[in-house]
Each structure stands twice: as C-alpha cells, then as structure tokens.
**Q** 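I have a structure I would like to understand better, so I am pasting it below and will then ask my questions one at a time.
The shown structure was predicted, so the numbers you read here are calculated from the model rather than taken from an experiment.
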Amino acid sequence: MRKVGNSIKNHVLTGISYMIPLVIAGAVIMAISRVGGSIYGITDIWDSGYATSSSSIVRLLHSLDGFGGIALGLMFPVIAAFIAYSVVDKLGIAPGLVGGMLVKELNAGFLGAIAAGLIAGYVCLLIRNHVKLPKSMASVVPVFLIPVLGTLVTVLMINYVIGVPFAALNIGLENWLNSLSGGNQILMAAVVGAMVGFDLGGPVNKAAVTTAMALLTSGVYAPNTAAQVAIIIPPIGLGLATVIGKHKYNTELKEAGKSSIIMGLVGISEGAIPFAVESLLKVIPSTVIGSAIGSAMAVGLGAVNQAPISGFYGWFTVEKWPIYILSIAVGSLFVAISSVLLRNKDAGIEEVSMSLDEEFDEDAWEEEWQS
C-alpha cells in the first residue's frame, strides 16, 4: 500500500513540475502587463474596456494580460496530461489533456485535475497491458485504441462519477475561504505560509502553492497572497543570516547565501536547501515560523496578490504593495536573526581549525625532529 501511495505521489509531483514553467510564463507576462498599466495609472488593465483604448500601448498591455491568462488557463489540462504521462508515458497525454479541460469546464478544481490525470494514466495503462490484438493489428493499439478508448473512459468517469463531488468540494472550499475574515483569514494565511516554509520546494510546499494558485481561477486571492510571500522568505532570510552572522558560517555557506538571496528575489524556495541540509533541525523551525509570520502579516494587513508571482518583478502589481514588501522583510529578518541565534558553534573558526589540523601532521613532525 505504501508503494502505491509513493507511486501516486511521484506521478502527481511530475505533473506539478511540468505545470510550474507554464504558470511562471503566464504569471510573468501578466506582471509585465500590470506593471506597464500601473505606469499609466491603470490598476485594472485586464478590463475589457481597454481593448478599444485610443492608446496602442494600453491596448497592447491589455492583450498581454490576456495572453498570460491563456497560459494560466492551461494549468489544469497540463497537470492532468503530465500526471497521465508519468503513469503510462506519451500514451496518456491526449486523454489527460481532454480530462483536464473537462475538469476546468466543470469547475472541479485542482483536486479534480489530479484525479483526471490519474484516471487517464491508469486507464491507458490497463488498456496497454491487457488488450491483446493479433500481430497484424498491434500498431492500432497505441495510435487508435488507447487514445480513443482512454479518452472516452476518462471523460465519462469525470463527467458522471467524480465531476459533481469534486466541483461541490471545490465550490465549498471557495465559499469557506471567501467567508473567512479577520482572525480566521490570518490563521489560514499562517498555515499556508508554514506549509510553504516547511520543506522548501518539496511536496508540502508544492501542495500549498499549487492549491493556492488554482484558487486564483475562482477569484480567491488570500491563499495565493500567503503562498507567494512565503515562497521567498526562507531563501532571502537564510541568505541574510550569512551576512548578519557571517562568523558563524563557513565559506561554502557564505557563497550559498549570496545565491540564496538572488534565488529568493526571483521566487525560488530551493535556494534555502543547502542550509536545511547542513542543519535541518535548526533551519526548518525558523523558515516555518518566519514564513507564517510574513504570510499572516501580508493577508492580515490587506495586501492582495492576484497573480501567481513571488519574484520581485511582480511586487509592485500587488494591491497595497508597501505592506506586501514589509511583510516579506519582517518574515525574512525573523528567519535571518533566529537562524543566527540558533547556531551555537562558530563555523568560521571551526573551519580554520580543521584546515590547520589537516596541514599539521604530528607523526611526521616527530620523526623529522628525532632524525
């Protein structure tokens, strides 16, 4: 049973890994559009009224926002297709794509897309392994039978079996999140932030981030705001720690700290991984609490990030962006200061001491002295 669970988890993570570049591309294009719109004093460049603006630049910016939206709209089909691809290779792509599109139309949400990918993948796998035709007709299976039958079974199961309950679950989740206010919303943001800061790009992080991004399509922005703040706090905070407490870090980690800050600024949590590997029990509590603080602060004070963008290039498109940036700074400083305080050994001096020990060979020195 554990083996099956690990296999499904790996298929889902494969789908997410293929989806993320698409989401980033769409998000960055939308960020360009919205930053450009803000230069002209436009805060809703996506509004259809700008399609007929007298300014050609404003029309272009409006179109760019639409192009980014097209990319984000492919989120569910792509994750479903590549989950199926992970299960059964390229045979699962067509049924997965169609299943993902149907999930999007039914508003069955992120969980529905995952289910569609798994259904498509395993249905195609069963057909490939158990449908046997004469040798003269064997070529029909991959090019005709699997795409047609696999797609048919997938869409029927989604439409008549899982579609309604997953759509109801998704709508219920949206309604619950929209009903949150005050302390409840702050608590939700803290939980999302803590999940993102827990394993720095791992399964828990990706589950929180991708769910938050999926809710954007339903106009639910608070989870995304929390997640995008939390993505960049650990790498920036741990990079700053090597500056604040540089005497406590060896040369390798100081260099990693420079890269970590840069990776944080462009929205890559994995920049913090070298620090977690070196001292897991001291780093993870700091990143979890720091990310929770930053996320709760941003949401609690009214910042709203409507795009799945964590990098600095999207900060100024956020509603109440000064609060958003301040929240990132507070969370990052918590991570930096707490990480330095938790390091009770002077790694810099320890490194020099180890170097001296390696260079000094006591036995060789004694033999030379006796001669």
**Q** Quick check: are there more than 12 heavy atoms from other residues, nucleotides or ligands sitting under 6.0 Å from CG of L280?
**A**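 Atom CG in L280 is crowded, with more than 12 foreign heavy atoms closer than 6.0 Å.
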
**Q** Report the distance from atom CD1 of I233 to atom OG of S327, rounding to the nearest 0.5 Å.
**A**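 Reported to 0.5 Å precision, the distance equals 7.5 Å.
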
**Q** Using a 3.5 Å distance criterion without hydrogens, assess whether the side chain of K104 forms a donor-acceptor pair with backbone atoms of F76.
**A**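 Not a single qualifying donor-acceptor pair exists.
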
**Q** Out of curiosity, N10 CG to S17 OG, how far, rounded to the nearest 0.5 Å?
**A**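 If we round to the nearest 0.5 Å, N10:CG and S17:OG are 10.5 Å apart.
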
**Q** Go through the structure and list residues passing side chain to side chain contact (heavy atoms under 4.5 Å, CB included) with L60, not counting sequence neighbours.
**A**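 Result, side chain to side chain contact (heavy atoms under 4.5 Å, CB included) vs L60: L64.
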
**Q** Less than 4.5 Å apart, any side-chain heavy atom of P95 and any of V123?
**A**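 When only atoms from C-beta onward are counted, V123 and P95 do not touch, as no gap falls below 4.5 Å.
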
**Q** How long is the straight-line distance from CG of D47 back to NE2 of H62, given to the nearest 0.5 Å?
**A**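 That separation rounds to 7.5 Å.
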
**Q** For Y85, does the OH atom have more than 12 heavy-atom neighbours from other residues, nucleotides or ligands under 6.0 Å away?
**A**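 At most 12 heavy atoms, drawn from other residues, nucleotides or ligands, come within 6.0 Å of this atom.
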
**Q** Do I231 and V318 share a hydrophobic cluster (ILVMFWY, side-chain heavy atoms under 4.5 Å, transitive)?
**A**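 Yes; tracing contacts between hydrophobic side chains, which count when under 4.5 Å, links both residues.
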
**Q** Should I158 and Y160 be regarded as members of a common hydrophobic cluster, given that ILVMFWY residues are connected when their side-chain heavy atoms come within less than 4.5 Å of each other, either directly or indirectly?
**A**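 Not linked; separate clusters.
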
**Q** Examine distances only and state if a side-chain atom of S260 and a backbone atom of G271 form a donor-acceptor pair shorter than 3.5 Å.
**A**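 Answer holds: yes.
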
**Q** With sequence neighbours excluded, what pairs up with E255 under the salt bridge (charged side-chain N to carboxylate O under 4.0 Å, His left out) test?
**A**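 Per chain and number, E255 pairs via salt bridge (charged side-chain N to carboxylate O under 4.0 Å, His left out) with K258.
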
**Q** Between CD1 of I29 and CD1 of I70, what distance do you get to the nearest 0.5 Å?
**A**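 If we round to the nearest 0.5 Å, I29:CD1 and I70:CD1 are 9.5 Å apart.
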
**Q** Please check if V229 and I232 belong to a single hydrophobic cluster, counting links between Ile, Leu, Val, Met, Phe, Trp and Tyr side chain heavy atoms closer than 4.5 Å.
**A**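 Yes, V229 and I232 fall within the same hydrophobic cluster.
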
**Q** May I ask you to decide if L61's main-chain N or O and S33's side chain share a donor-acceptor pair within less than 3.5 Å?
**A**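 The answer is yes, because a donor-acceptor pair under 3.5 Å joins these two groups.
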
**Q** Looking at OG of S63 and CD1 of I45, how far apart are the two atoms once the value is rounded to the nearest 0.5 Å?
**A**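 Taking OG in S63 and CD1 in I45, the distance rounds to 9.0 Å.
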
**Q** Would you say the side chain of L342 lies within less than 4.5 Å of the side chain of S286, judging by non-hydrogen atoms?
**A**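 When only atoms from C-beta onward are counted, L342 and S286 do touch, with a gap below 4.5 Å.
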
**Q** A side-chain contact here means heavy atoms from C-beta on lying under 4.5 Å apart; do I57 and Y40 qualify?
**A**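 Contact flag for I57/Y40 side chains = yes.
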
**Q** Determine yes or no for a side-chain-to-main-chain donor-acceptor pair under 3.5 angstrom, with N305 supplying the side chain and I309 the backbone.
**A**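 The answer is yes, because a donor-acceptor pair under 3.5 Å joins these two groups.
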
**Q** Counting heavy atoms not belonging to F334, are there more than 12 under 6.0 Å from its CZ?
**A**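 For F334, atom CZ is crowded (more than 12 foreign heavy atoms under 6.0 Å).
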
**Q** Answer yes or no: is there a donor N or O on one side and an acceptor on the other, between the side chain of W315 and the main chain of P322, under 3.5 Å?
**A**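 Such a contact is absent between W315 side chain and P322 backbone.
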
**Q** Starting at OH of Y249, measure out to CG of L238 and round the result to the nearest 0.5 Å.
**A**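 It is 6.5 Å, given to the nearest 0.5 Å.
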
**Q** If we only count heavy atoms from C-beta on, is the I119 to I162 side-chain gap below 4.5 Å?
**A**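 Touching, per the 4.5 Å side-chain cut-off.
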
